[in-house]
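Just the heavy atoms: all of them, side chains too, but no hydrogens, waters or symmetry mates, feed the values below. Here the structure is a predicted model, which means the values were calculated and not measured.
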Amino acid sequence: MVFRLLCCMVNIWKEWLDQNPDAKCLPVIFPAVLYHGKKKWKSPRTMGGMIQGGEEFSEHLPDFTVNSMTEEISDGDECSVRMALGTVLYLFKHIFDKEAEDIFAKCR
């Protein structure tokens, strides 16, 4: 999943750069993976975990982690889960609003 996310992110950035050739930086991408399987997720959560010997060369690899919220849910502390989900849903709802456009335009 980490590699699939990286590929999706790179494709999004490539398309964005094609549409914004004078850009000086890339927009932020907040990837979200929703897993609700019966078994605990055991797949690697970092690129270092995906690549043989990756831990030794982690400073040379793309750096992001697929986080898990299962601990918060299983411990009964649903407040942090609701806050995180609320933030993501708010971003999804308002991503094309003028205010969000102004914030992201600072990166161009």
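Residues Gly48 and Leu61 share a closest heavy-atom pair of CA-CD1, 3.8 Å. Cys25 and Trp16 get closest at one heavy-atom pair: O-CZ3, 3.2 Å. Contact detail for Thr46 and Gly49: the closest heavy-atom pair is OG1-N, 3.0 Å.
For Asp97, the side-chain hydrogen bond (donor to acceptor under 3.5 Å, both in side chains) partners are His94, not counting sequence neighbours. Legend: residues meeting side chain to side chain contact (heavy atoms under 4.5 Å, CB included) with Ile12, ordered by chain and number and at least two apart, are Ile29. With sequence neighbours left out, the side-chain hydrogen bond (donor to acceptor under 3.5 Å, both in side chains) criterion links Glu15 to Gln19.
Transitive grouping of hydrophobic side chains (ILVMFWY, heavy atoms separated by less than 4.5 Å) keeps Phe57 and Val2 in distinct clusters.
Between Met50 and Pro44, some side-chain heavy-atom pair lies under the 4.5 Å cut-off.
Between Trp13 atom CH2 and Asn20 atom CG the span is 14.5 Å, to the nearest 0.5 Å. Separating the CZ atom in Arg45 from the CG atom in Leu5 is a distance of 12.0 Å, to the nearest 0.5 Å.
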Side chain to side chain contact (heavy atoms under 4.5 Å, CB included) between Leu17 and Leu26, worked out: CA-CA 8 Å; Leu17 286 173; Leu26 298 171; 3.7 Å; yes
